[in-house]
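What's counted below: heavy atoms across the whole structure, side chains too, no hydrogens, waters or symmetry copies.
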Amino acid sequence: MLTDADRIRNLLGTYCELVDTADFAGVGALFARGAMGGLHGPPFAVGSAEVEAWYRDGLTVHDGSLRTRHLVTNSVIDELKLRIYPEAL
């Protein structure tokens, strides 16, 4: 049985796979009830459609791929603070 921490790690991995395969609709679906933004200031993309458009309009796809390989390693999920500290490569 998966723990909540396992589910969060799986979500991070799924995000990487969707970005690398240029599945921007899939990335947008991950943010159906979320938003993207920097550490300071308001979100710049809210909900599935806006997140999908942000990726689609901002990235160059080469023959169906971004020619990238995103990885998230050494994820520490601090359940007391409810924050995630991934170390992205």
Side-chain angles (χ1 to χ4, degrees):
M1 178 167 229
L2 294 176
T3 66
D4 289 342
D6 293 330
R7 288 183 184 88
I8 292 168
R9 287 188 188 96
N10 285 347
L11 179 62
L12 292 169
T14 298
Y15 167 82
C16 292
E17 290 175 3
L18 292 171
V19 170
D20 290 337
T21 59
D23 183 349
F24 305 137
V27 174
L30 296 178
F31 289 87
R33 299 184 316 170
M36 293 179 58
L39 293 177
H40 306 287
F44 53 80
V46 179
S48 297
E50 288 184 18
V51 170
E52 177 182 352
W54 186 82
Y55 276 89
R56 185 184 61 249
D57 297 343
L59 298 176
T60 302
V61 178
H62 308 274
D63 299 320
S65 170
L66 296 182
R67 297 185 181 158
T68 58
R69 175 84 170 141
H70 287 81
L71 302 171
V72 179
T73 63
N74 301 328
S75 300
V76 176
I77 300 169
D78 186 337
E79 295 181 36
L80 296 176
K81 294 181 182 177
L82 298 178
R83 294 191 58 159
I84 303 171
Y85 304 93
E87 181 182 313
L89 296 175

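- Scored by the side chain to side chain contact (heavy atoms under 4.5 Å, CB included) test, Ala53 finds Arg56, Asp57 as partners (sequence neighbours excluded).
- Every pair tested for salt bridge (Lys or Arg N to Asp or Glu O under 4.0 Å) that includes a residue from residues 17-44 fails, sequence neighbours excluded, so the list is empty.
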Under 3.5 Å donor-acceptor pairs involving side-chain atoms of residues 58-66, not counting sequence neighbours:
residue	atom	partner	partner atom	Å
Ser65	OG	Arg67	N	2.8

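- Hydrophobic clustering of Ile, Leu, Val, Met, Phe, Trp and Tyr side chains at less than 4.5 Å, counting indirect connections, keeps Leu12 apart from Val19.
- When every heavy atom of Ser48 is checked against every heavy atom of Ala29, the shortest pair comes out as OG-CA, 3.8 Å.
- Under the rule for a side chain to side chain contact (heavy atoms under 4.5 Å, CB included), the partners of Ala35 that lie at least two apart in sequence or sit in another chain are Pro43, Val46.
- Under the ring pair (Phe, Tyr, Trp, His ring centres under 6.0 Å) criterion, the residue pairs touching residues 7-46 are Phe44-Trp54, with sequence neighbours excluded.
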Which pairs of donor and acceptor atoms, one on a side chain in residues 4-11, lie under 3.5 Å apart (sequence neighbours left out)?
residue	atom	partner	partner atom	Å
Asp4	OD1	Arg7	NH1	3.4
Asp6	OD2	Thr3	N	3.1
Asp6	OD2	Thr3	OG1	3.2
Arg7	NH1	Leu2	O	2.9
Arg7	NH1	Thr3	O	3.4
Arg7	NH2	Leu2	O	3.3

